[in-house]
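Quick caveat: nothing in here was measured; it's all calculated off a predicted structure. Just so you know, residue 1 is the first one in the sequence shown, and it goes up from there.
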Amino acid sequence: MKFIPAFLKPWLVALLAVMVGWLVRLNVDNASPAQLLFDIPVDQVSTIQLEKAGRTLVFERVGDAWQQTTPYVQTANPVAIRHLLVAMAEARLLQTSPLSQLPTRAGLNDNAPAIQVTWATGSATLRVGKLHPAGLAWLA
C-alpha cells in the first residue's frame, strides 16, 4: 500500500467498512424477511374506527379529504391519517403465539385499544397491547 498516499488510507478503510456493513445487512435482511401483518391498500381505505375504553372515533374518507364523523363531525388531519394507515400496512410479524398463551402483561384483553380499517373489498382490525420489553408492542 506504499503507492496509496497516507491521507487517503483512513478514507479507504472507512469506505471498506461501510461496504462490508452494507453487504452484511443486505444478506441478513434477505435471510429472514418478516411477514406483513396485513395487506392494506392504503389509498383505498374508506373508513377507520378506533375504540378505546368504551369510546369510539370514526373517520371517513370524503373525496381526497378525511373527516371525523363520530362522536362529532370535524375535519381530520390527512397526513396523520395516512401515517396511521402506512404504519398498519407496514407492520410485520416477528413472532406469533396463540392469544391463550400470551402473558396477561401483554394487555390484549377485551379492553385493549382496537383500530379497524375498511375498504371496498375488505377490512383489517388491529388490537394494540402493552409495549414489549424489547421496545416492540403486543398486537392481535
Side-chain angles (χ1 to χ4, degrees):
M1 291 189 76
K2 290 183 178 184
F3 60 89
I4 298 175
F7 71 91
L8 283 180
K9 288 180 183 179
W11 292 104
L12 290 174
V13 170
L15 179 63
L16 182 62
V18 168
M19 289 175 60
V20 168
W22 179 73
L23 287 172
V24 167
R25 182 176 177 180
L26 183 67
N27 289 336
V28 168
D29 287 348
N30 287 338
S32 60
Q35 178 185 352
L36 283 174
L37 190 59
F38 300 113
D39 185 19
I40 298 174
V42 172
D43 294 325
Q44 297 174 15
V45 172
S46 58
T47 307
I48 302 171
Q49 182 172 325
L50 303 146
E51 294 181 11
K52 181 180 179 183
R55 295 180 55 191
T56 301
L57 297 174
V58 177
F59 298 89
E60 294 180 8
R61 185 187 299 264
V62 180
D64 290 334
W66 282 92
Q67 188 173 51
Q68 178 181 331
T69 57
T70 302
Y72 47 85
V73 177
Q74 73 173 6
T75 302
N77 181 340
V79 175
I81 296 284
R82 181 156 185 87
H83 283 300
L84 170 71
L85 293 173
V86 168
M88 281 186 73
E90 292 179 351
R92 296 185 179 274
L93 294 173
L94 297 179
Q95 179 181 350
T96 60
S97 300
L99 283 174
S100 60
Q101 294 179 3
L102 290 178
T104 55
R105 72 176 188 274
L108 286 172
N109 54 27
D110 293 337
N111 297 327
I115 304 167
Q116 180 182 18
V117 296
T118 307
W119 57 95
T121 58
S123 68
T125 302
L126 178 69
R127 277 204 186 277
V128 183
K130 305 279 183 177
L131 288 179
H132 187 273
L136 304 171
W138 297 95
L139 302 173

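Residue pairs meeting the salt bridge (Lys or Arg N to Asp or Glu O under 4.0 Å) criterion with at least one partner in residues 67-76, sequence neighbours excluded, do not occur; the list is empty. Among pairs with a residue in residues 52-76, none fulfils salt bridge (Lys or Arg N to Asp or Glu O under 4.0 Å), at least two apart in sequence or across chains. Evaluation of the salt bridge (Lys or Arg N to Asp or Glu O under 4.0 Å) test over residues 67-81, restricted to residues two or more places apart or in two chains, returns none.
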Side-chain donor-acceptor distances from residues 70-90 under 3.5 Å, at least two apart:
residue: Gln74; atom: NE2; partner: Gln68; partner atom: OE1; Å: 3.3
residue: Asn77; atom: OD1; partner: Val79; partner atom: N; Å: 2.9
residue: Asn77; atom: OD1; partner: Ala80; partner atom: N; Å: 3.4
residue: Arg82; atom: NH1; partner: Asp43; partner atom: OD1; Å: 2.7

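Ile48 CD1 to Ser123 OG: the interatomic distance, rounded to the nearest 0.5 Å, is 12.5 Å.
By the side chain to side chain contact (heavy atoms under 4.5 Å, CB included) test, Pro41 is found to be paired with Gln44, Trp119, residues two or more places apart in sequence or in another chain being considered. Every residue meeting the side chain to side chain contact (heavy atoms under 4.5 Å, CB included) condition with Gln49, not counting sequence neighbours, appears here in chain and number order: Glu51, Thr56, Val58, Gln116.
Using modelled atom types, no side-chain atom of Thr118 and backbone atom of Ser46 make a donor-acceptor pair closer than 3.5 Å.
Side-chain contact check for Trp66 versus Val45: some heavy-atom pair is nearer than 4.5 Å.
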